[in-house]
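First comes the structure, then the notes that go with it.
The figures that follow rest on heavy atoms only: side chains count, while hydrogens, waters and symmetry mates do not.
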Amino acid sequence: MRETLINNFKRISKIPRESGHEEKIADFFINVAKEKKLYYFKDENNNVLIRKRGNINSEPVALHAHLDMVCVKKEDSHHDFSREGIEVIIKGDNVIAIDTSLGADQGVGLAMMLAIMEDDTLKHPDLEFMFTTEEETTFNGSVTFPYGKVESKRLINLDNAQDDSIVIGADGDILNEYTMEGKLIECDLPSYRILIDNFPGGNSGDNIELSENNAIAVMAKALKDKDIFLRSINGGIFENDLAANCEVIVNTNLDLMDIFSDLDVEIEKWDNKLVFSKEDTENIVREVLDLKSGYLIQNNASANLGVIKTEDNIVKISYIIRSSDEIELEEISKKSKMLNNNFMVREIYRDSIWKDDRNSILFNKYKKLYFEEFNEYPEDKIAHGGLECTSIKKRMKNLDIISIGANIEKFHTVEEITYISSWLKIYRLLVKFLEII
């Protein structure tokens, strides 16, 4: 089975699957279904549903994973995610990529589902394989999935990244976009490009304690109350991830080396004559600092300022807020819209809270099986970051749902790593679970 899972992971990794461009990986699974003569359906958003008949008398079960991956690469890498797959490297138990993110999130889950789909020797009830798109960006796949075609009332999600835990709930979240249309003026002061880089990246839900000092916030702290004119500020890649870099162009007479003496920073002279007004500059810096990141209420509500972009005279900020308390979530979002820094705010999306259910049959059966195998119980976990389970459960009434998965570390970064031994642990558990479910 080790070689099967490795081979499956490599097959999947060869296929470009950046969020919003999942058509090739969707077609890959459709072609597998055709070869195996399985029922399949693909919608206009490249969501895929495949059915495989079972051989034991039990209610149908759905297995779920998302098709897309976060695509990041080293600054000097020429990798083209739109047409090139991922170069997977196996070093003993470790699986990594060269100069790019690995896509173990959620390539590992896809590899397991592929193994189950292609293996006719397994014992299991009728299975439905649900593949969704844009999980790493908009959740559009789980919002638009053709749930009317799904027969299962039990679902196993494979997006957990810790093999000794079982996710049974998740925070709700709200993504707001803050936009300022500023005024550009001429400025003859010396101009500079400033870059701070190599901050911790990765998923903010799993590393929210690092978000308070993300690269965008650190840049704003350094520029606060300084006699500068800002021309642009750009940082971060995805709203859900930690901003690992931030670049600004400023005009000033100040000694920038002195201002940034405590930071590893790249400063170079620049050719720029247009800048935001002093008022706009102060509003931009204040807005970044007023939108607090990290835990807002310890171990409960949190926020992440993941992206800031400047296009001509317009600055946009993406800010995601999370909480397991609906009233608290709404109140934090409301306050963030009243900062009075001349930014307009609109809500991009929100995901409801996945309330944990300790009476879940799947949850209790999986805990029992895990104990029988390892003489200890898995950790009951409430996910701080968003999981598609929240979106799916909202749209499928009376659904029993859990999330399990293999160990993945530093996902959404070029240092992403996963472990074959963990793949085997979860795959064997999953296969046994399907036999007794």
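- Scanning all heavy atoms of the two residues, the minimum distance from Gln106 to His66 falls at OE1-N, 2.7 Å.
- Salt bridge absent: Lys425 and Asp164 never bring a charged side-chain N and a carboxylate O closer than 4.0 Å.
- In this structure, Asn234 has no side-chain hydrogen bond (donor to acceptor under 3.5 Å, both in side chains) partners at least two apart in sequence or on a different chain.
- With respect to the salt-bridge test (charged N to carboxylate O, under 4.0 angstrom), the residues Asp126 and Arg53 qualify.
- The list of salt bridge (Lys or Arg N to Asp or Glu O under 4.0 Å) pairs with a residue in residues 61-83, not counting sequence neighbours, reads Lys74-Asp99, Asp80-Arg83.
- Contact annotation: the side chain of Cys246 never approaches that of Val218 to less than 4.5 Å [non-hydrogen atoms, C-beta and beyond].
- Every residue two or more places apart in sequence or in another chain was checked for a side-chain hydrogen bond (donor to acceptor under 3.5 Å, both in side chains) with Glu84, and none qualifies.
- Taking each heavy atom of Met113 and Ala65 in turn, the nearest pair found is SD-CB, 3.5 Å.
- When ring centroids are compared, Tyr295 and His384 come within the 6.0 Å threshold.
- The pair Glu330-Arg350 counts as a salt bridge, with a side-chain nitrogen and a carboxylate oxygen less than 4.0 angstrom apart.
- A salt bridge links Arg11 to Glu118: at least one charged side-chain nitrogen sits closer than 4.0 Å to a carboxylate oxygen.
- Across all non-hydrogen atoms, the minimal contact from Ile317 to Glu287 is CD1-CG, 3.8 Å.
- For the salt bridge (Lys or Arg N to Asp or Glu O under 4.0 Å) condition, no pair includes a residue of residues 201-216, sequence neighbours left out.
- The aromatic rings of Phe129 and Phe131 lie parallel to each other, their planes meeting at an angle below 30°, with 60° marking the opposite boundary.
- Note on ring orientation: taking the six-membered ring where Trp is involved, the planes of Trp423 and Phe9 are tilted (angle from 30° to 60°).
- Evaluation of the ring pair (Phe, Tyr, Trp, His ring centres under 6.0 Å) rule for Phe276 yields no partner, not counting sequence neighbours.
- A search for ring pair (Phe, Tyr, Trp, His ring centres under 6.0 Å) contacts involving Tyr377 returns Phe371, not counting sequence neighbours.
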